[in-house]
Amino acid sequence: MAGKVLTITSGKGGVGKTTVTANLGVALALHSQRVTVIDADIGLRNLDVMLGLENRIVYDLVDVVEGRCRLRQALVRDKRLQELFLLPAAQTRDKTAVSPQDMVQVCDDLRQSFDFLLIDSPAGIEQGFQNAVAPADGILIVTNPEVAAVRDADRIIGLLEAEEKGPAHLIINRLKPKLVERGDMLDTATVVELLAIQLIGIVPEDESVIAAANTGRPIAFDDGVTGRSFHDIARRLLGENIPFAPLKEPGFFDRLLRIVRPEGG
C-alpha cells in the first residue's frame, strides 16, 4: 500500500509548523510507521536542526531534482529511530529551484517505501507553498489561538478548497490554558468554529519545546503532556479514536487530594 503524504502548513510564519513536523514524525516512527519528513522551505531549512541531523547532510532536495544524486542518497536516517528519515531542503538556493511537479515526482518515488511522508511547508502562499501542497493527500493546518494566526489559517483553507486539496485537519499549537481562562486567548471551540475544519490535535505552550529544538531532541521522545499530545495526533492519523485529554499537568495539591481522597472514595 502506498504511503500517505501530509503537508503541514499555516500561511503565517512562526506558529510552529516545523516543530509539529519534527515531533509528529518522531511520534509516528515510535508507533512503528516508516516516515520521511521533507523540508520544503528551500533557503531557510530548520527541520534538520530540530531533529539534530544538521551535521549529517550530504545531499538535499534540490540535488535530487537536478540529478546530482539519487533520492536514496539524499535521505538522512535519524540517529535514534530506524524508521525515521529526513529529506533536507537546500540551504543556498531559493524556492524556484523546485516545482510542484518535482515535488509530486519525489513523493511518488518515496510512497512505495514509507507509510507517511510529512512535508514541512514554508510560510506564505507563494511558490514554496504551492510546492508543498502539490503532492498532498491531506493537509494539517497549524495555528496558534490568536486572531492574526487564525485569520491567516482561514485564508489558507480557502486556497486549499479552491484547489480541491484536502481533507484539511486542524492542529492548535501553543495553547495557554491560563490565558484562555482569563479570556486573553481564543479557546479551542472558538478556533474550530471560525475555521470550520476537523480538529485533530491540541498542543500546549511549553518552554521545554525550545530547549528540545536547540538540542535536536524533539519533545515527542518524552512522556510529558506536550510529548503525549503529538502521540495523540499520530494515533488519530492511524485511525484510533483518541479523546482530547486535559492539557494541564496535575499540580502538587491535585495529586495530594487524590491520595487523601481516592476516586470512588
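Side-chain atoms are counted along with the backbone in the values below, which use heavy atoms only and exclude waters and symmetry mates. Predicted, not measured: the structure shown is a model, and the values here were computed from it.
Nearest approach of Ala74 to Pro88, heavy atoms of both residues: O-CD, 3.5 Å. The shortest non-hydrogen separation linking Ser229 to Ile202 is CB-O, 3.4 Å. Nearest heavy-atom pair, Ala89 versus Asp39, reported as atom, atom and distance to 0.1 Å: CB-O, 3.2 Å. Listed here is the closest heavy atom pair of Ala132 and Thr7: O-OG1, 2.6 Å. When every heavy atom of Ile156 is checked against every heavy atom of Gly124, the shortest pair comes out as CD1-O, 4.4 Å. Residues Ala134 and Lys165 approach most closely at O-NZ, 2.7 Å, considering heavy atoms.
Using a 4.5 Å cut-off on side-chain heavy atoms (C-beta onward), Phe114 and Val35 make no contact. Residues Leu86 and Thr36 form no side-chain contact, since every pair of their non-hydrogen atoms from C-beta on lies 4.5 Å or further apart. Contact check for Phe230 versus Arg235: no side-chain heavy atoms found under the 4.5 Å cut-off. In this structure, the side chains of Leu199 and Phe244 come closer than 4.5 Å at one or more pairs of heavy atoms. Taking 4.5 Å as the limit, some side-chain heavy atom of Leu117 sits within range of a side-chain heavy atom of Arg111. Side-chain atoms of Leu75 and Leu110, non-hydrogen and from C-beta on, do get closer than 4.5 Å to each other. For the pair His169 and Ile197, the minimum side-chain heavy-atom distance is 4.5 Å or more. Considering only heavy atoms from C-beta on, Val5 stays 4.5 Å or farther from Leu118 through its side chain.
Within the structure, no pair that satisfies the salt bridge (charged side-chain N to carboxylate O under 4.0 Å, His left out) test touches residues 193-204, not counting sequence neighbours.
One hydrophobic cluster, built from ILVMFWY side chains closer than 4.5 Å, holds both Leu238 and Leu6. In the hydrophobic cluster analysis, where Ile, Leu, Val, Met, Phe, Trp and Tyr join through side-chain heavy atoms closer than 4.5 angstrom, Leu186 is grouped together with Val180. With hydrophobic clusters built from ILVMFWY side chains whose heavy atoms lie under 4.5 angstrom apart, Ile125 shares a cluster with Ile139. Note on Phe85 and Met103: same hydrophobic cluster, where clusters join Ile, Leu, Val, Met, Phe, Trp and Tyr whose side-chain heavy atoms are under 4.5 Å apart, directly or indirectly. Tracing side-chain contacts under 4.5 Å through hydrophobic residues (I, L, V, M, F, W, Y), one never reaches Val49 starting from Leu87; they form parts of separate clusters.
Side-chain atoms of Asp102 and Ser99 include a donor-acceptor pair closer than 3.5 Å. Checked by atom type, the side-chain pair Asp120/Thr18 shows a donor-acceptor distance below 3.5 Å.
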For this session: Test Val65 against Val62 for side-chain contact (heavy atoms from CB on, under 4.5 Å), laying out the working first.
Result: CA-CA 5 Å; Val65 168; Val62 175; 5.5 Å; no
For this session: Please assess Glu66 against Arg93 for the test salt bridge (Lys or Arg N to Asp or Glu O under 4.0 Å), listing each intermediate value before the final yes or no.
Result: CA-CA 12 Å; Glu66 296 184 347; Arg93 301 290 294 276; 2.7 Å; yes
Problem set entry | Verdict with supporting geometry, Val26 and Leu81, side-chain contact (heavy atoms from CB on, under 4.5 Å) | CA-CA 8 Å; Val26 168; Leu81 290 170; 4.0 Å; yes
For this session: Decide yes or no on side-chain contact (heavy atoms from CB on, under 4.5 Å) for Asn144 and Ser10, but give the supporting numbers first.
Result: CA-CA 10 Å; Asn144 301 148; Ser10 67; over 6 Å; no
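Heavy-atom neighbours of Gln73 CD from other residues, nucleotides or ligands within 6.0 Å: above the threshold of 12. Atom CZ of Arg80 is surrounded by more than 12 heavy atoms from other residues, nucleotides or ligands within 6.0 Å. The 12-atom threshold is exceeded at CZ of Arg77, counting heavy atoms of other residues, nucleotides or ligands nearer than 6.0 Å. More than 12 heavy atoms of other residues, nucleotides or ligands lie within 6.0 Å of CZ in Arg68, so this atom counts as buried by the packing criterion.
Arg34 contributes a side-chain N or O that, together with a main-chain N or O of Ser113, makes up a donor-acceptor pair within less than 3.5 Å. Using modelled atom types, one side-chain atom of Arg236 and one backbone atom of Ile242 make a donor-acceptor pair closer than 3.5 Å. Put simply, the side chain of His31 never gets that close to the backbone of Ala234: no donor and acceptor are under 3.5 Å apart. A distance-only check finds no donor-acceptor pair linking the side chain of Asp137 to the backbone of Lys4 [under 3.5 Å]. A donor-acceptor pair is defined here as one N or O able to donate and one able to accept, closer than 3.5 Å; no such pair exists between the side chain of Lys95 and the backbone of Phe129.
Distance CG/Leu175 to CD/Glu146: 10.5 Å, rounded to 0.5 Å. Taking CD1 of Ile8 as the reference point, atom CD1 of Ile171 lies at 7.0 Å (rounded to 0.5 Å). For the atom pair CE of Met50 and CD1 of Ile219, the computed distance is 11.5 Å after rounding to the nearest 0.5 Å. Ser121 contributes atom OG, which lies 11.5 Å from atom CG of Leu140 (distance to the nearest 0.5 angstrom). With rounding to the nearest 0.5 angstrom, the CG atom of Asp63 is 4.0 Å from the CG atom of Asp60. A distance of 10.5 Å separates NZ in Lys17 from OG1 in Thr143, rounded to the nearest 0.5 Å.
Residues satisfying the salt bridge (charged side-chain N to carboxylate O under 4.0 Å, His left out) criterion with Asp222, sequence neighbours excluded, are Arg217. Partners of Asp109 under the side-chain contact (heavy atoms from CB on, under 4.5 Å) rule, at least two apart in sequence or in another chain, are Leu71, Gln105.
Glu205 has no carboxylate O lying under 4.0 Å from a charged side-chain N of Lys178, or vice versa, which leaves the two without a salt bridge. Arg45 has a carboxylate O that lies under 4.0 Å from a charged side-chain N of Asp48, or vice versa, which qualifies the two as a salt bridge.
Exactly one residue among Leu24, Val20, Leu28, Asn23 makes a side chain to side chain contact (heavy atoms under 4.5 Å, CB included) with Ile233. That residue is Leu24. A side chain to side chain contact (heavy atoms under 4.5 Å, CB included) with Leu84 is found for one member of Leu51, Leu30, Leu53 and no other, namely Leu51.
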